Amino acid sequence: MRFKTFFSSNYKWILFLLLVSMGSLAAELINDNFRMRDLEVYQKTALRMVSGEDLYRAVEDDPYEHYVYKYSPPAAMFFIPLILPGFTVSKFLYWAFLTFIFGSILYNMKVIFTGKAEMNSRITGSLMLATAIAGTHFFRELHLGQVNLLLLGAYIYALRCFLARQSAGFGVLMASSIFIKPFALIFIPFLLVLRKFKESMYFAGFTILLFILPFAFYPDITGFMDLYASWIRELGIEMADKQGLLAEGNHTLFSVVARFTPVGFLEMNETGRYIYQLLVLGLLGTLIFWFLFKKKVADAPARIFIILISFIPLLAFTSNNAFIFTLPLIAYLLFKYRELNLYFKVLFILSCILIGGNIYDLLGRELFNILWGMSVYTWGTIGLLVTVFANWRIFSPSLHATTSDFKLLISDI
């Protein structure tokens, strides 16, 4: 790409993203708030791993337990490269890396759904709007030094591998992600129903390989097993803290349905909660596979893949910044905005406001807490899902995106 071409109007989205990132970094530095606490956890854990020390519940006299590591042993290995430059330099490097990941997600969405079509003002505008809508969640990822963007980047690039039938690439990306957070489990039924057994085998094979790799740092079998036993205990503690079905901070679909429908008046014991959640999952699975098999369109697998990504914060009790997983669906709907009628355009705009407009610094603590308690992020995501499902047949794949890959995939359904 020539220098002059890069600064053309068709690539303004890259400049916009860089301005957002650098502006956020400048604000952090000016306010002396450039801490990236989560990244510090990962780096400290990587240091413990290379020293063969315990990884879990090592709070180092921190009364608030900011430095408790909660992810798997293999995930700690991913952050070993951050040890050498030191934490201060690593913060800048990780900030730049997350910005690159965010940009690559948007670019890959463009490639997946518009193919090799030339950049134009409509696509550029869509990418800029997607950046603005997801901006508040993007900033939280940068501020904390979180891993959700790493996961999202892995999922979207895995989708490109999936469409290109690069099974090994798909498998290693999915396996790597699952050891950070097990969200990729949501794709297993998708793979099995589409009979993508080769991708599934690579997924399983790389998962086993990554599971074994920490043995290089804990060569004693007892220490190796204790490492995973500690991780399981940590998962138990984490899950025990997230069982409040009616809690305001629970933005899952299970909680929202229970809080805003008569379901909340039912007295459910632990078994009843499991049955209720399984019923919701069953209905969602039926809906998704109905659209995959009964309402065939050329890019159905790619659409379903990004829809499954957007379901992650609706099914996993996690922080509100995990709603950055709606970014691919937002970008897709922006690409298809012209094909929406007036009613769905309004619904889409309102959904984007609910997902990206609840900014603490703009709304103030009281209004922010009210909207947070109402789970506006969840309602916004539901609005996006209603829009894409209701317009399933209306959305036509781009002529440039109707490739042999899509034809091969649709022939498998």
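All of these numbers come straight from a predicted model, not from anything done at the bench.
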Does Y69 have K44 sitting over its ring (NZ/CZ under 6.0 Å from centre, angle to axis within 45°)? no
Which one of L185, V280, T252, L284 satisfies the side chain to side chain contact (heavy atoms under 4.5 Å, CB included) criterion with L315? L284
Test of understanding: with side-chain hydrogen bond (donor to acceptor under 3.5 Å, both in side chains), list the residues that count as partners of R122, not counting sequence neighbours. none
Test ring-ring contact (aromatic ring centres under 6.0 Å, His included) on F335 and F113; report intermediate values, then the result. CA-CA 8 Å; F335 293 152; F113 289 105; 7.2 Å; no
Donor on one side chain, acceptor on other, R233 and Y56, under 3.5 Å: no
For R165 and K198: C-alpha separation, side-chain torsions, deciding distance, then whether side chain to side chain contact (heavy atoms under 4.5 Å, CB included) applies. CA-CA 10 Å; R165 306 215 166 200; K198 188 175 181 181; over 6 Å; no
Shortest non-hydrogen separation from F138 to L98 and the atoms involved: CE1-O, 4.1 Å
List in chain and number order the residues that pass side-chain hydrogen bond (donor to acceptor under 3.5 Å, both in side chains) with W379, two or more places apart in sequence or in another chain; answer none if no residue qualifies. none
Residue pair F170, Y202: steps toward the ring-ring contact (aromatic ring centres under 6.0 Å, His included) verdict: CA-CA 8 Å; F170 177 87; Y202 272 111; 9.8 Å; no
Please report the C-alpha distance between F34 and H143 in whole Å, then the side-chain angles of each, then the deciding distance to 0.1 Å, and finally whether the ring-ring contact (aromatic ring centres under 6.0 Å, His included) criterion is met. CA-CA 7 Å; F34 187 45; H143 171 70; 9.3 Å; no
In terms of heavy-atom contacts, V147 and F79 come closest through CG1-CZ, 3.8 Å
Just so I know, are the side chains of V388 and L384 near enough to count as touching, which here means a heavy-atom distance under 4.5 Å? no
Is there a donor-acceptor contact under 3.5 Å linking the side chains of W95 and S21? yes
Please confirm whether the ring centroid of Y71 lies under 6.0 Å from the ring centroid of F179. no
With a 3.5 Å cut-off and no angle check, do the side chains of N321 and Q146 form a donor-acceptor pair? no
